[in-house]
Participant: 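Dumping the structure here so I can ask a few things about it.
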Amino acid sequence: MRRLFIIRKDLHLSAGKLAAMVGHCAEAYWTNLIRNANIEKFDFENYQFNIQIPFEIYENYINDKFIKTICEAKNLNQLLKARTMALEFGLVEGIDFGLINDACLTELEPENEDGTCTVGIWFKPLDDEIAHSISKKYQLYKS
């Protein structure tokens, strides 16, 4: 089981920006689980919530190795092909995978109507077979 992240190469991200974008990809799955949980105010300073993590993710990712693969997409069109493949595998956007859009506050220029730039795509921990089926269309990210 592994996490797969694909980042656009044509944006020529600095090392720091690349690290930040991969960090966003890594956090996205977990923060989406928390945001979609039933959250209650526990006391004045804390929240309490319950999240459900699929058994296989808990056993084969959280309690095993945190394997991650970071690949590069040549451009936005190639990145969006990963989205299409994910949908063909029956993965649900916003739950099993999602696009990472940068707010363009530092080194990127807006490309989307909302003033953001689509930089990458994240995936939940996937079975190796599915992760490899998607990642084999890309090469490992090289700086």
Side-chain angles (χ1 to χ4, degrees), residues 1-40 42 45-143:
M1 185 156 268
R2 72 184 55 241
R3 299 287 310 273
L4 174 61
F5 311 127
I6 304 172
I7 306 292
R8 285 175 56 188
K9 187 72 170 181
D10 64 320
L11 296 174
H12 307 288
L13 303 175
S14 67
K17 188 69 168 182
L18 174 63
M21 292 297 100
V22 171
H24 286 318
C25 286
E27 291 178 335
Y29 173 68
W30 306 112
T31 55
N32 281 348
L33 280 177
I34 293 167
R35 284 184 188 127
N36 293 325
N38 184 13
I39 300 174
E40 298 177 15
F42 182 69
E45 297 179 358
N46 297 295
Y47 290 91
Q48 178 173 299
F49 55 90
N50 291 315
I51 59 173
Q52 292 184 359
I53 298 172
F55 177 81
E56 64 183 17
I57 291 175
Y58 185 79
E59 290 295 320
N60 299 317
Y61 187 78
I62 294 172
N63 282 334
D64 199 6
K65 299 173 187 154
F66 294 159
I67 300 172
K68 295 170 190 64
T69 302
I70 303 170
C71 294
E72 63 184 40
K74 293 177 185 173
N75 53 41
L76 179 60
N77 287 335
Q78 189 186 30
L79 178 73
L80 294 177
K81 288 179 183 178
R83 179 184 179 272
T84 300
M85 285 187 279
L87 293 170
E88 289 171 354
F89 277 111
L91 300 176
V92 178
E93 190 164 2
I95 296 174
D96 301 324
F97 74 95
L99 296 173
I100 294 295
N101 293 311
D102 185 67
C104 298
L105 300 176
T106 56
E107 60 188 69
L108 296 177
E109 297 294 323
E111 292 181 341
N112 302 325
E113 289 181 15
D114 64 357
T116 64
C117 178
T118 304
V119 177
I121 188 169
W122 59 268
F123 292 89
K124 71 177 187 176
L126 297 170
D127 288 327
D128 284 343
E129 184 177 313
I130 294 173
H132 291 310
S133 293
I134 297 170
S135 68
K136 73 181 179 185
K137 305 289 184 184
Y138 301 86
Q139 61 181 349
L140 293 176
Y141 198 98
K142 297 176 190 164
S143 55

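Remember, it's a predicted structure, so these values are computed and weren't measured experimentally. Atoms considered below: every heavy atom in the structure, side chains included; atoms not considered: hydrogens, waters and symmetry mates.
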Participant: Of all heavy-atom pairs between Ser133 and Met85, which one has the smallest distance, and what is that distance?
Facilitator: O-SD, 4.3 Å
Participant: For the atom pair OH (Tyr58) and CD1 (Ile53), what is the distance rounded to the nearest 0.5 Å?
Facilitator: 8.0 Å
Participant: If you look at every heavy atom in Leu33 and Gln52, which pair is closest and at what distance?
Facilitator: CD2-O, 3.9 Å
Participant: Treating Asn112 as the side-chain partner and Asp114 as the backbone partner, does any N or O pair qualify as donor plus acceptor under 3.5 Å?
Facilitator: no
Participant: Check Met1 against Ile57 and note the closest heavy-atom contact, atom names and distance.
Facilitator: SD-CA, 3.7 Å
Participant: So, for Ile39 and Tyr47, which heavy atoms are closest and what is the spacing to 0.1 Å?
Facilitator: CG2-CD2, 3.7 Å
Participant: Quick check, are the ring centers of Phe123 and Phe5 under 6.0 angstrom apart?
Facilitator: no
Participant: Rounded to the nearest 0.5 Å, how far apart are NE2 of His24 and CD1 of Ile7?
Facilitator: 10.0 Å
Participant: Kindly determine whether Asp10 and Gln78 satisfy side-chain contact (heavy atoms from CB on, under 4.5 Å), including the steps that lead there.
Facilitator: CA-CA 11 Å; Asp10 64 320; Gln78 189 186 30; over 6 Å; no
Participant: Is there a side-chain contact between Ile70 and Leu18 in this structure, where contact means two heavy atoms from C-beta onward sitting under 4.5 Å apart?
Facilitator: no
Participant: Report the residue from Asp96, Val92, Asn32 that forms a side-chain contact (heavy atoms from CB on, under 4.5 Å) with Lys124.
Facilitator: Asp96
Participant: Mark yes when over 12 heavy atoms from residues, nucleotides or ligands other than Lys81 sit less than 6.0 Å from its NZ; otherwise mark no.
Facilitator: no
Participant: Do Arg3 and Tyr61 have side chains that approach each other closer than 4.5 Å (heavy atoms only, starting at C-beta)?
Facilitator: yes
Participant: Look at atom CG of Asn50 and say whether more than 12 heavy atoms of other residues, nucleotides or ligands are closer to it than 6.0 Å.
Facilitator: no
Participant: Rounded to the nearest 0.5 Å, how far does CD of Glu111 lie from OG1 of Thr116?
Facilitator: 8.5 Å
Participant: Can you name the closest pair of heavy atoms from Trp122 and Ile95 and give their distance?
Facilitator: CH2-O, 3.8 Å
Participant: What is the distance from atom CD of Glu107 to atom NE2 of His12, rounded to the nearest 0.5 Å?
Facilitator: 11.5 Å
Participant: In Å and rounded to the nearest 0.5 Å, what is the CG to CG distance from Leu80 to Leu99?
Facilitator: 6.5 Å
Participant: Just wondering, do Ile134 and Ile6 contact through their side chains at under 4.5 Å, heavy atoms?
Facilitator: yes
Participant: Taking all atoms of both residues into account, what is the closest heavy-atom pair of Ile62 and Trp30, and its distance?
Facilitator: CD1-CH2, 3.9 Å
Participant: Please evaluate residues Leu13 and Val119 with respect to the criterion side-chain contact (heavy atoms from CB on, under 4.5 Å), reporting the C-alpha separation (whole Å), side-chain torsions for both, the decisive distance (0.1 Å), and the verdict.
Facilitator: CA-CA 9 Å; Leu13 303 175; Val119 177; 3.9 Å; yes
Participant: Using only atom types and a distance under 3.5 Å, with no angle test, would you say the side chain of Arg8 pairs donor to acceptor with the backbone of Thr118?
Facilitator: yes
Participant: Quick check for you: to the nearest 0.5 Å, what is the distance between Asp128 atom CG and Leu4 atom CG?
Facilitator: 11.0 Å
Participant: Check the pair His132 / Arg2 against side-chain contact (heavy atoms from CB on, under 4.5 Å), numbers first and verdict last.
Facilitator: CA-CA 9 Å; His132 291 310; Arg2 72 184 55 241; 3.9 Å; yes
Participant: Below 4.5 Å, heavy atoms only, C-beta onward: do Leu11 and Met21 meet side chain to side chain?
Facilitator: no
